[in-house]
Amino acid sequence: MTRLCTLVSGSSGNAVFLSHGGTRLLIDCGVSGSLARSALAGIGERCEDIDYILVTHEHTDHTQGVGVLSRKFDIPVIASKGTWDGMNIGKICEKNKILFEDYAQMDVGGIGVTPFDIPHDAAMPTGYRFDLGARSVAVATDLGHISDSVRAALSGCDAVLLEANYDADMLENGPYPYYLKKRIGSASGHLCNEDSGELAAHLVRCGTKQIMLGHLSKENNSETVAFATVARVLERCGIAVGRDVLMGVAPRYTSGAVIAL
Ligand SMILES: [Zn+2]
Ligand SMILES: [Zn+2]
């Protein structure tokens, strides 16, 4: 069975668990090693059994626990060259350091992993699509806008973890300083709920059956607002949540619903 589950999601830390055919992956680990351990225990998994950690980019909300876990449990870490150059995770032994310089598909423990370029203000930020036999899933957060590469990579996936970072009005009227508002709202920042809805509609038209909204901003969004906005955009496109697609929101501090395929 294939299982996909967020362990934590948001600017305070991101980590996603994926298992398929006996291979267990973490995508990012932006919390401490002990928090990752307890989050994994919550879904019946152990750090000892993680085979690889894939990193999307060097920001600490995605990398905080990566080095610790790799050293403690001897886990290989996979990331783009730019991410390796930019991330500060302490020393990783050579055998556990796997880097890629282009977006070709890789075999990771029997899972076909295709990295793809995401528009975000990091060195070589990467989303990942996972081909799992007849199924495919993808992790796509930290999207400044919906680029062609993102759209192409996600099309046809059965399940997608999709960013819904902020509500545009909440960001504009919220407490953040001007420079931060500008960064988040820029084409290499984060994705607003409306745009997330637009992309979600495209994905459902291409066959996606399950969408988990994630990486919500604490100050400029809420689970209710994100869900309602995306559902409204979908409805505008003739797509009903529950009938045409299952949709959930990844909680900030705890593990989300397990998507089983
Ligand atoms: Zn980031
Ligand atoms: Zn992030």
Side-chain angles (χ1 to χ4, degrees), residues 4-16 28 30-31 39 56 59 61-62 118-121 127 137-147 150-151 154 157 159-205 208-259:
L4 175 70
C5 182
T6 58
L7 301 176
V8 285
S9 190
S11 41
S12 39
N14 295 277
V16 181
D28 292 332
V31 287
T56 59
H59 294 160
D61 60 320
H62 297 260
I118 53 172
H120 189 58
D121 51 4
V137 301
V139 171
T141 62
D142 303 78
L143 310 171
H145 66 279
I146 305 166
S147 63
V150 169
R151 201 181 283 268
L154 302 186
C157 282
V160 175
L161 171 64
L162 179 62
E163 173 165 50
N165 185 264
Y166 66 93
D167 173 82
D169 289 335
M170 286 171 80
L171 177 66
E172 196 182 324
N173 301 311
Y176 278 9
Y178 176 70
Y179 80 91
L180 206 50
K181 290 182 180 181
K182 211 171 147 191
R183 192 218 136 204
I184 291 167
S186 80
S188 56
H190 289 281
L191 204 66
C192 70
N193 296 337
E194 277 279 331
D195 290 352
S196 184
E198 294 289 336
L199 182 51
H202 166 76
L203 296 180
V204 175
R205 283 190 212 105
T208 299
K209 294 288 178 216
Q210 301 195 57
I211 291 173
M212 182 69 87
L213 303 175
H215 210 310
L216 273 63
S217 165
K218 192 174 180 202
E219 287 78 12
N220 307 307
N221 211 354
S222 73
E223 290 189 21
T224 316
V225 169
F227 188 95
T229 307
V230 173
R232 197 164 52 238
V233 178
L234 288 172
E235 206 172 295
R236 227 159 48 203
C237 302
I239 297 163
V241 174
R243 183 192 67 193
D244 304 314
V245 63
L246 297 176
M247 191 166 79
V249 181
R252 171 172 301 276
Y253 299 114
T254 56
S255 54
V258 175
I259 295 178

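Residue numbers count from 1 along this sequence. Note that the structure is a prediction, hence the values are computed from the model and not measured.
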Backbone of Gly30 reached by a side-chain donor or acceptor of Asp61 within 3.5 Å: no
For Glu172, is the CD atom crowded, meaning more than 12 foreign heavy atoms sit under 6.0 Å from it? no
ring-ring contact (aromatic ring centres under 6.0 Å, His included) contacts touching residues 210-237 (sequence neighbours left out): His62-His215, His190-His215
Donor-acceptor check, side chain of Ser196 to backbone of Glu163, threshold 3.5 angstrom: yes or no? yes
Considering only heavy atoms from C-beta outward, does the side chain of Val204 approach that of Ile211 to under 4.5 Å? yes
Test your reading of the model: is there a side-chain donor-acceptor pair from Arg252 to the backbone of Leu216, 3.5 Å cut-off? yes
Considering all heavy atoms of both residues, which atom of Thr6 and which atom of Ala250 are nearest to each other, and what is their separation? OG1-CB, 3.5 Å
Short side-chain to backbone donor-acceptor contact, Asn220 and Gly174, under 3.5 Å: no
Look only at the side chain of Asn173 and the backbone of Asp169, and say whether a donor-acceptor pair between them is shorter than 3.5 Å. yes
Heavy-atom pair with the smallest gap, counting every atom of Asp142 and His120: O-CB, 3.2 Å
Considering only heavy atoms from C-beta outward, does the side chain of Leu203 approach that of Cys157 to under 4.5 Å? no
Quick check for you: to the nearest 0.5 Å, what is the distance between His202 atom NE2 and Thr208 atom OG1? 8.0 Å
Non-hydrogen atoms of Ala164 and Asn221 that approach each other most closely: O-ND2, 2.9 Å
What closest approach, in Å, do Arg183 and Asp121 show between heavy atoms, and which atom pair accounts for it? NE-OD2, 2.6 Å
Could you pull out the closest heavy-atom pair between Ile259 and Ala159, with the gap in Å? CG2-CB, 4.1 Å
Contact between Leu161 and Thr141 at the side-chain level, heavy atoms closer than 4.5 Å - yes or no? yes
Side-chain (Gln210) to main-chain (Leu246) donor-acceptor, under 3.5 angstrom: no
Give, for atom CZ of Arg205 and atom CG of Leu234, the distance between the pair rounded to the nearest 0.5 Å. 9.0 Å
Across all chains, not counting sequence neighbours, the side chain to side chain donor-acceptor pair (under 3.5 Å) partners of Thr254 are none
Hey, does Met212 have a side-chain heavy atom less than 4.5 Å from the side chain of Leu4? no
Is the closest side-chain heavy-atom distance between Pro251 and Glu223 below 4.5 Å? yes
What is the distance from atom CG of Leu162 to atom CG of Leu191, rounded to the nearest 0.5 Å? 6.5 Å
With the side chain counted from C-beta on, respond yes when Tyr166 and Met170 share a heavy-atom pair under 4.5 Å apart, and no when they do not. no
State whether Arg236 and Glu198 are salt-bridged, where the test is any N-O pair (Lys NZ or Arg NE/NH1/NH2 against Asp/Glu carboxylate O) under 4.0 Å. yes
How many angstroms lie between CG in Asn14 and CG in Asp28, if you round to the nearest 0.5 Å? 6.5 Å
Restricting to non-hydrogen atoms, name the atom on Tyr176 and the atom on Ser217 that form the minimum distance, rounded to 0.1 Å. OH-OG, 4.2 Å
Residues in side chain to side chain contact (heavy atoms under 4.5 Å, CB included) contact with Ala140, at least two apart in sequence or another chain: Phe116, Leu143, Leu154
